[in-house]
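Data first, discussion second: the structure below is written as structure tokens.
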Amino acid sequence: MRLSILLPLPLGPLSYLAPEGAPLPPRPGLRVAVPFRKGMRVGVVVEVEDAAEGDFALRHAIGYLDAEPFLDEAGLAFLMRAAEHYFAPPGQLLADLVPFLEPPLHHEVRLVDGAVRPGLPQLALWRDAAELDPALLDELREGGVLEERVRALKPTRKTLVPLREPTEKLTPKQRAALETLRALGEAESQTALAAAAGVGPGVVRALVDKGYAGWREVELELAAPPPAGSPIRPLPVPEPPTRVSGGRHAERLQLAAGLAREGETLVLFPERYALERAYDRWPPPVLPFHGGQSPDLRRALWREAAPVVLGSYQALLMPRRWKRIVVMDEGSDSYKLASGSRAHAVRLAELRAEMLGAELHYLSLTPAVEVVEKPGLLVRPPRTRVLPIDLRRERGWPLTGRAVELLAQVPEKGRQALVLVARRGYSGRLFCKSCDWQPVCSNCDLPLRFHKPGRRGRLVCHQCGHSEPAPEVCPVCGGEVFGYAGPGVQWVAEEVRRRVPSLPVYQYSAERKDDLSPLQRGEVGVVVGTTALLRTPAPPELALVLLPYAEGFLPASDFRAPERYHRLLWQLADLHPSRSPLLALQTFEPDHPAVEALIEGDVTSVPETELVLRRMLGYPPAVRMVVLEFSHRQEATARAAAMEAAEFLKKRIGPEPEAAEPADPAGAPAPLLGPAPAPVPRVRGRYVFHLILRSHDPAQLAAWLRDLPAPKGARLRLDPDPVGFVGLLED
DNA sequence: AGCACGCCGACT
DNA sequence: GTCGGCGTGCTC
């Protein structure tokens with residue numbers, strides 16, 4: 001018997017012979033341990049075939065880890081189809097979607113009966129394979145004299161337990177600590193026991209050293225913690241449409257719970273914070289499933305019965321026959337997988353639903369351009385109070401006089417404010433005031449960002465992480481005066497402190513997360529932060545949300561920028577569960593369509609306009625687009641590889657069609673663009689060139705890309721579903 | 001993805 | 001004369 005096995009690696013299925021002496025017949029979907037290279041890996045059986053000629057050369061799989069398939073037939077079929085759709089090896093999708101596939105293993109071996117192996121008499125009995133040389137194991141395996149068994153280890157945790165009765169030799173404090181431990185039964189850590197017994201940590205350590213207490217491995221009971229909040233009331237919609245837009249956050253949860261009421265439902269979330277916030281208020285029974293849970297927990301919950309799963313993309317392959325999949329906030333950037341296959345979880349959910357015959361629903365405040373034309377239901381969006389502050393007229397930078405007045409009212413009225421800045425650190429650029437020199441990253445074609453903590457501050461590349469102390473004098477002209485441009489969190493926070501001294505200022509960004517609990521308790525204050533702030537609960541007395549430079553959230557190089565800007569603004573309007581804080585936008589473009597839509601309370605017009613525009617320009621979703629990214633340390637190598645691929649593709653595509661027919665102005669977008677240097681031409685010391693391939697017909701795209709020759713020298717990476725070009729640069 | 005194999009520069 | 005850089009190819 002021969003097995004086709006998919007490992008969580010960027011490879012297609014590999015062939016192995018079925019494990020010898022396995023108690024089960026092979027079945028697709030079972031997890032199986034296999035020898036791979038010098039070690040052992042866990043994969044999934046995708047196909048079972050009869051052995052064929054030449055199979056004697058194959059290696060034997062070691063053993064199954066499951067009694068019931070880990071992936072069901074529908075899941076396997078979906079996996080293969082998703083791989084095809086994303087031009088990725090199926091193993092890559094498996095690795096992306098089930099990163100917790102491989103449990104810690106217990107692997108034992110012995111020699112088969114009668115096999116004699118001089119020098120290894122101890123191998124007649126089962127022995128832990130970890131104690132043996134992998135090369136020897138492989139040799140014995142090849143020789144056909146090795147028996148193996150493997151199973152997943154039960155998850156355990158370590159706990160401190162009493163080992164002996166107290167004796168006279170103990171000091172009073174040690175005796176007290178031991179008595180405490182005996183009363184508790186166990187303790188999480190030495191420190192925890194010391195705290196519980198009211199003694200110093202040294203006392204507990206002495207107990208452990210003397211053998212009165214010690215560590216035990218106990219089986220870990222795995223369950224998701226129960227929801228923490230009061231459950232919402234589901235709001236069923238009769239004959240729900242594909243798309244539901246608008247509403248307040250809590251209303252959308254009620255609608256989602258209404259959609260899930262009949263069970264067999266996956267509710268898909270873009271990120272952990274949103275999921276946990278929903279889980280806390282979801283009416284039970286419900287199961288959360290996301291990457292914040294330990295791999296052990298995810299493996300334990302994988303088959304747990306629950307009518308409703310609130311999941312991240314990692315729940316997409318769970319072996320269930322969903323009747324309904326509800327995609328929450330389908331326009332969120334977080335759905336895009338940043339590495340590996342770079343798949344898009346919403347597209348994956350669509351494929352999964354289609355293959356299962358499940359109903360698919362999108363539920364968001366602002367519909368994504370991709371879904372805005374689907375039959376929809378509009379719920380009244382939150383009320384907005386918007387104050388555009390025109391930077392072309394108002395004086396003051398980075399805070400206008402108007403903004404300072406608003407901030408000053410916050411302490412007067414005993415309220416709270418958020419100030420949202422697009423950049424962390426102090427400033428996006430630093431320059432010499434006399435010669436205009438500016439520091440750039442040595443690995444990337446990007447200016448170094450200035451971060452202020454410390455006397456001199458540091459220069460940091462936000463792309464590659466390179467960091468160096470900021471110079472005291474200009475290295476070119478020796479000038480001592482520096483200028484700054486592009487205010488970041490630190491600069492704005494400093495400015496708020498200076499202009500409104502009575503207002504307590506907190507900072508919140510990836511690099512500095514102040515404790516916001518005083519604000520949560522209702523104390524007066526302002527938080528200056530990046531969009532990381534959107535992943536914290538809104539302060540209860542929130543009265544003002546200020547964007548000192550709203551366009552900072554509108555990067556020019558990205559065709560999705562207006563859509564994202566619009567979504568962000570609406571998200572701000574929906575931050576607080578009941579209040580409508582004043583949204584003050586300092587901007588050079590106070591009449592931007594996104595701002596106008598916000599003022600008018602319109603959540604669909606911007607995506608609708610964008611859709612028209614994308615059709616005209618031949619951008620997704622009007623076409624399927626794939627970006628090919630060629631990179632190499634040598635610019636010429638990267639460019640040559642891109643050019644060569646371009647030539648190959650040009651031949652494949654054939655002669656350009658004559659000018660698009662007049663009746664169809666959006667007719668045929670140029671199928672191939674580039675090669676062109678990437679928006680950031682050099683990243684981490686590698687030059688990057690882009691080719692863009694697009695077509696109305698995805699099958700056509702696949703045909704063009706089939707057997708694309710591997711580039712010479714350069715590395716080729718494919719973005720099969722580009723969502724903004726910035727993502728291409730990340731690893 | 002990892003890992004080995006293989007071919008050209010700075011060194012005990 | 002070797003160590004080691006990463007470019008290339010393979011994994012059953």
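Per chain, numbering begins at 1; letters A, B, ... match sequence-line order. All values derive from a computational prediction rather than experimental measurement. Side-chain atoms are counted along with the backbone in the values below, which use heavy atoms only and exclude waters and symmetry mates.
Under the ring pair (Phe, Tyr, Trp, His ring centres under 6.0 Å) criterion, H451(A) pairs with H462(A), sequence neighbours left out. Under the salt bridge (charged side-chain N to carboxylate O under 4.0 Å, His left out) criterion, E47(A) pairs with no residue, sequence neighbours left out.
Between W302(A) and F70(A), the two ring planes are parallel [angle under 30°; tilted spans 30° to 60°].
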Open item on the list: What does the B/S/- profile of nucleotides 6-12 of chain C look like, 5' to 3', with a 4.0 Å heavy-atom cutoff to protein?
Closed with: --S-BBB
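The CG-C1' distance, from L101(A) to dA1(B), rounds to 15 Å in whole Å.
Between the side chain of R694(A) and the backbone N or O of A670(A) there is at least one donor-acceptor pair closer than 3.5 Å.
The only option from V623(A), I653(A), I692(A) that meets the side-chain contact (heavy atoms from CB on, under 4.5 Å) definition with P671(A) turns out to be I653(A).
Nearest-nucleotide mapping onto DNA chain B: of Q92(A) and K38(A), the residue sitting toward the 5' end is Q92(A).
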